[in-house]
K.L.:
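Questions regarding the structure given below will be posed in turn.
Just so you know, these numbers use all the heavy atoms, side chains as well, and skip hydrogens, waters and symmetry mates.
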Amino acid sequence: MLRTFNEQLLVVKSKAVTTGIQKLNSKTYRFTIRKGSGAHLKQRTERVKAINDIDAQERYKAWYPQKLAEISDTIEFEKDLGPKLSWFIRKGGQFDKLGQEEVKRYANTNNSARVKSQASWQRVMSSLRWIRKDGILGDTLGKKPLGAIKREDVEMAFAELRPKYKYNSLHNFKGNLTKVFKLAIEAKILPEDFDIPSSKIDIGTVATRPDQKTSFEVEDYLHAADLIKTLALHYRLFYTLALGAGMRRGEIMALQLSDFDFEHGLIHVDRSMTERSINPGVKPGLQTEIKPGTKNGKTRVTKLTGLVKEALEEYLKVFKPIDWIDPSTGKTWQLLFTNPKTGKPYTLSTMSCEWRRVRDKWFEKGEIKEKTTLHNLRGSFITYMLIHEHVDRLLVARMVGHENPELTYAVYANPTARDIENLKLDI
């Protein structure tokens, strides 16, 4: 807090001061005043020309009360409207002891039910930090107190976000921003009847059209498989199972060696790995669990293709399945994708992040035409089976776990101009 104005503040010093006068050179001085603490800490600094130290002191006497009144007004305004959004995010919602307890209570009682896929509060804050690093929250919203942010402010921020991010990211940003306001209301930073400005923002809708898929085209499929062969063995096998067997990320992570039927050339897909949040708002973390069945709750078999078999054989020359005990059930699994250093399964995000890294590198070098997502490696398998291998749509749907073969065909059977060019007709 700022000391009461007295003669001590008029002492001209050669080093920087929090409140007072610093002499920079013979005729230039820096005036500084600081008041407040925490989210409401304010400081004003100004360079002033003066003839000598006495002249600088007289000027500071006139400058000080003017800036003091300006800072005091700002602090009182912000106390009424809550801390600035950027500070709230940076502190992770923890602003004082009472507020911390409210944050923890909110997270423990509401977070798991309200956040999709049971994402932890830590993920919500990470998403908000992502926007802040982009400068949008900092420039548009971050400098305003929570209670002063209006709907038009949020709309302006999202107008800047739309050209940079896809629908899903925008949807997550909107939801996470709304949760910040709800958290502030729970912690009594904002009144209960506060009108949350982000809840009514329209970010548009996304249509699931075939041309929005980023799957590899048929002619690029085998080249993508060759690129994947250059990766480390565990990444190679993982991405080959998606590209060469049409499996989902969680299904691959839950695989055991016993799921591979080498005699009949099949892979049994009976379970899926999930991650759920634990201790949200207190010490957030993720707990890995194995769930029976796949996305739609059913089991299936898919083809053990040559691509997968080759990658698996190379992998098993170096790595062996490691016993891992599922903490939720106590059951022991011999998982293929277990980190040999920790004895624990790799996280789902590990495989996704590495895929984005190598994909972007290949894209920049012109090795691939599309920034294909990890999930759309599975889509590339479906397209290749339908268009190039001419596998019956019913069999393809069964292999990948789709209930509607017609929908599978409508979404993934996308012949390109080259496919039409390669047609051999008798007429």
K.L.:
Is there a side-chain contact between Leu10 and Lys61 (heavy atoms, below 4.5 Å)?
P.N.:
yes

K.L.:
Is there side-chain contact between Tyr412 and His402, with heavy atoms separated by less than 4.5 Å?
P.N.:
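Result yes, sub-4.5 Å side-chain heavy-atom pair found.
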
K.L.:
Return a table of donor-acceptor pairs under 3.5 angstrom between the side chains of residues 336-343 and protein atoms on other chains or two or more places apart.
P.N.:
unit_1: Thr338; atom_1: OG1; unit_2: Leu335; atom_2: O; d: 3.3
unit_1: Asn339; atom_1: OD1; unit_2: Lys341; atom_2: N; d: 2.9
unit_1: Thr342; atom_1: OG1; unit_2: Lys344; atom_2: N; d: 3.2

K.L.:
Leu312 versus Leu237: any side-chain heavy-atom pair under 4.5 Å?
P.N.:
yes

K.L.:
Quick check on Leu316: does its CG atom have over 12 non-hydrogen neighbours (other residues, nucleotides or ligands) under 6.0 Å away?
P.N.:
yes

K.L.:
Nearest 0.5 Å, please: how far is NZ in Lys49 from CG in Leu24?
P.N.:
9.0 Å

K.L.:
Kindly indicate, with the supporting measurements, whether the criterion side-chain contact (heavy atoms from CB on, under 4.5 Å) is fulfilled by Tyr235 and Val358.
P.N.:
CA-CA 10 Å; Tyr235 289 130; Val358 297; over 6 Å; no

K.L.:
Nearest heavy-atom pair of Asp55 and Ala50: which atoms, and what distance?
P.N.:
OD2-CA, 3.4 Å

K.L.:
Would you name the heavy atoms of Ala254 and Ile290 that are closest together and state the gap between them?
P.N.:
CB-CD1, 4.0 Å

K.L.:
How far does NZ of Lys298 sit from CD of Glu403, to the nearest 0.5 angstrom?
P.N.:
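Atom-to-atom, Lys298:NZ and Glu403:CD are 4.0 Å apart.
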
K.L.:
Can you name the nearest heavy-atom pair linking Met351 to Met253, along with the distance?
P.N.:
CG-SD, 4.2 Å

K.L.:
Is any side-chain heavy atom of Phe381 less than 4.5 Å from a side-chain heavy atom of Leu243?
P.N.:
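No, side chains not in contact.
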
K.L.:
For Tyr384, enumerate each residue passing the ring-ring contact (aromatic ring centres under 6.0 Å, His included) test, keeping only those at least two apart in sequence or located in another chain.
P.N.:
Tyr221, His388

K.L.:
Measuring only between side-chain heavy atoms, which start at C-beta, is Met385 closer than 4.5 Å to Val400?
P.N.:
no

K.L.:
Looking only at side-chain N and O atoms, does Arg249 offer a donor or acceptor that is under 3.5 Å from a partner on Ser352?
P.N.:
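Per modelled atom types, Ser352 and Arg249 side chains form a pair under 3.5 Å.
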
K.L.:
Take atom CG of Leu222 as the centre, draw a 6.0 Å sphere, and report whether it contains more than 12 heavy atoms from other residues, nucleotides or ligands.
P.N.:
yes

K.L.:
Could you check whether any side-chain heavy atom of Thr230 comes within less than 4.5 Å of a side-chain heavy atom of Trp362, counting everything from C-beta outward?
P.N.:
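Contact flag for Thr230/Trp362 side chains = yes.
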
K.L.:
Verify, without hydrogens or angle tests, whether Thr19 (side chain) and Arg34 (backbone) share a donor-acceptor contact under 3.5 angstrom.
P.N.:
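It does hold such a pair.
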
K.L.:
Between Arg271 and Leu255, what is the shortest heavy-atom contact and its length?
P.N.:
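Taking every non-hydrogen atom into account, NH1-CA, 4.3 Å.
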
K.L.:
Mark yes or no for whether Asn376, through its side chain, and Gly379, through its backbone, hold a donor-acceptor pair below 3.5 Å.
P.N.:
no

K.L.:
Just how far is it from atom OG of Ser198 to atom NZ of Lys150, taken to the nearest 0.5 Å?
P.N.:
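If we round to the nearest 0.5 Å, Ser198:OG and Lys150:NZ are 13.5 Å apart.
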
K.L.:
Mind listing the closest non-hydrogen atom pair of Trp324 and Pro345 along with its distance?
P.N.:
NE1-CD, 3.4 Å

K.L.:
Please round to the nearest 0.5 Å and tell me the distance separating atom CD of Glu354 and atom OH of Tyr239.
P.N.:
5.0 Å

K.L.:
If you measure from CG on Leu386 to OG1 on Thr408, what distance do you get to the nearest 0.5 Å?
P.N.:
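Answer rounded to 0.5 Å: 7.5 Å.
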
K.L.:
Do NZ/NE/NH1/NH2 and the carboxylate oxygens of Glu46 and Arg59 come within less than 4.0 Å?
P.N.:
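No, this pair does not count.
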
K.L.:
Would a 4.5 Å heavy-atom cut-off, applied to side chains only, mark Val154 and Ile149 as touching?
P.N.:
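Counting from C-beta outward, Val154 and Ile149 do come under 4.5 Å.
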
K.L.:
Has Thr240 got a side-chain atom pairing as donor or acceptor with Leu307's backbone, closer than 3.5 angstrom?
P.N.:
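No: the side chain of Thr240 does not pair with the backbone of Leu307.
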
K.L.:
Checking the side chain of Glu275 only, and the main-chain atoms of Leu348 only, is there a donor and an acceptor separated by less than 3.5 Å?
P.N.:
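Side chain of Glu275 to backbone of Leu348: a pair is present.
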
K.L.:
In terms of side-chain geometry, is the basic nitrogen of Asp226 or Lys229 positioned less than 4.0 Å from the acidic oxygen of its partner?
P.N.:
yes

K.L.:
Less than 4.5 Å apart, any side-chain heavy atom of Asp220 and any of Ile368?
P.N.:
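Asp220 vs Ile368: side chains apart.
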
K.L.:
What I want to find out is whether Glu310 reaches Arg236 closely enough, with some N-O distance under 4.0 Å, to be called a salt bridge.
P.N.:
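Salt bridge present between Glu310 and Arg236.
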
K.L.:
Minimum heavy-atom separation for Asp323 to Gln334, with atom names?
P.N.:
OD1-CG, 2.9 Å

K.L.:
Okay, side chain of Lys67, backbone of Arg44: is any donor-acceptor separation there less than 3.5 Å?
P.N.:
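No, the answer is negative, given that no donor and acceptor are paired below the 3.5 Å cut-off.
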
K.L.:
Okay, side chain of Tyr60, backbone of Gly20: is any donor-acceptor separation there less than 3.5 Å?
P.N.:
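Side chain of Tyr60 to backbone of Gly20, a donor-acceptor pair under 3.5 Å: yes, one is there.
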
K.L.:
What's the spacing between Leu231 CG and Trp355 CH2 if we round to 0.5 Å?
P.N.:
7.5 Å

